[in-house]
Number of protein chains: 2
Amino acid sequence: MALDQTQTTYGIAELAREFGITTRAIRFYEDKGLLSPARDGQRRIYASRDHVRLRLIMRGKRLGFSLDEIREMIDLYDLDPTEVSQLKMFIDKLQARREQLRRQQDDIIETLAELDQLEDQSRGLLADREARRKAVG
Amino acid sequence: MALDQTQTTYGIAELAREFGITTRAIRFYEDKGLLSPARDGQRRIYASRDHVRLRLIMRGKRLGFSLDEIREMIDLYDLDPTEVSQLKMFIDKLQARREQLRRQQDDIIETLAELDQLEDQSRGLLADREARRKAVG
DNA sequence: GCTAACGTTTACGTTAACGTAAAGCGAGCC
DNA sequence: GGCTCGCTTTACGTTAACGTAAACGTTAGC
């Protein structure tokens, strides 16, 4: 009875396909300290932990964060809380990120509202055109 | 009784101060077709229209859009709807943006939830530390 | 034993979004 | 008239985030 750990591992190409990016990008993220896969000889072997991290990376990118910012956020996830002072700093960072995200939320809401307005206008114009085409044609 | 148009105009340094960016950036946005100020001789003169555009630009940047994307969005605002086919394309573009923004919203909600969880954990740890400090001290 | 398929390192190239420095112009002031 | 202030153009430099190419190793299949 060996250890039945959910032993999911991934090759680099596999991950690349799944996330729709290149292997080059994945290695680049490793260079930047965002990933640290195990090795089998030279080959990189990614565990589910890396898989999770990649998901976080992609999400961060969709939100427009830089890789440095993304690393900061990811590092927040697996931090061992030894020093109290670090814990406080940690909470402060969380707070800052939260505010940034809230601002983004507000920006999105504003933008969506404006897009709605634009769409209403153009749908009106379109309907108008159609009506005239009928009347004339 | 001259025309009492709200004749607000701005110099480039003025705008730079207000938006917290450099004049270099503002000129750069002009190069990229995001702004097109009037001129007094050589000097650039910005009207309230440009002011609005700059606000849109900054909002776009906070959301992580590229200047090209931002220009696309801004151009949506002052488009004259002559061709019906263009109108339809226009609406399609609106739709695409909207979906992108919605995905961002979802990403933000997820992230905020995770940050909340992290903060709860670390506040717990912090309280624990404080308690022990009291008990021992 | 050759050739794909997949992986590796090393290194130079590219694009976006400005920064920075140089050199010059026009208005106001002392 | 000289100086400073604010603005201008021109142009080269920089950073981030990869792309792309070269040259090589290793497992699988025929």
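Letters A, B, ... are given to chains in the order of the sequence lines, protein chains preceding strands, and every chain is numbered from 1.
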Atom-to-atom span, [atom1] of [X] to [atom2] of [N] - whole angstrom:
X	N	atom1	atom2	result
I21(A)	dA17(D)	CD1	P	14 Å
M58(A)	dC18(D)	CE	C1'	12 Å
Y10(B)	dC7(D)	OH	P	15 Å
F28(A)	dG13(C)	CZ	P	17 Å
I26(A)	dC6(C)	CD1	P	14 Å
D40(B)	dT8(D)	CG	P	10 Å
Q42(B)	dT8(D)	CD	P	8 Å
K32(A)	dA16(D)	NZ	P	6 Å

By nearest-heavy-atom nucleotide on DNA chain C, the more 5' of F65(B) and R24(B) is F65(B)

Are [X] and [N] close enough that a side-chain N or O sits under 4.0 Å from OP1 or OP2?
X	N	answer
K61(B)	dC18(C)	yes
Y29(A)	dA17(D)	no
T22(A)	dC18(D)	no

Mind checking S66(A) for me? I need base, sugar-phosphate or nothing, with any heavy atom below 4.0 Å counting as a touch.
->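 Answer is sugar-phosphate: S66(A) comes under 4.0 Å of backbone atoms only.
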
Hey, is the side chain of R43(A) pairing donor to acceptor with the base of dG7(C) inside 3.5 Å?
->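 Not at all, since no donor on one side and acceptor on the other fall under 3.5 Å apart.
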
Check: R27(A) side chain, dT8(C) base, donor-acceptor under 3.5 Å |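 Side chain to base: no pair below 3.5 Å.
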
Side chain D120(A), main chain Q117(A), donor-acceptor under 3.5 Å = no

Give a yes or no answer on whether the side chain of R97(B) reaches the backbone of M73(B) with a donor-acceptor pair at less than 3.5 Å.
-> no

5'-most contact on DNA chain D (nearest-nucleotide basis), T23(B) vs A25(A), goes to T23(B)

Measure the acute angle between the ring planes of H51(B) and F19(B), then classify it against the limits of 30° and 60° as parallel, tilted or perpendicular.
-> tilted

Give, for atom CZ of R71(B) and atom CZ of R53(B), the distance between the pair rounded to the nearest 0.5 Å.
-> 10.5 Å

Which listed nucleotide (dC7(D), dA16(D), dA17(C)) is nearest to the side chain of I12(B)?
-> dC7(D)

Residue that, paired with Y46(B), satisfies side-chain contact (heavy atoms from CB on, under 4.5 Å) out of I12(B), L54(B), T9(B), T8(B) = I12(B)

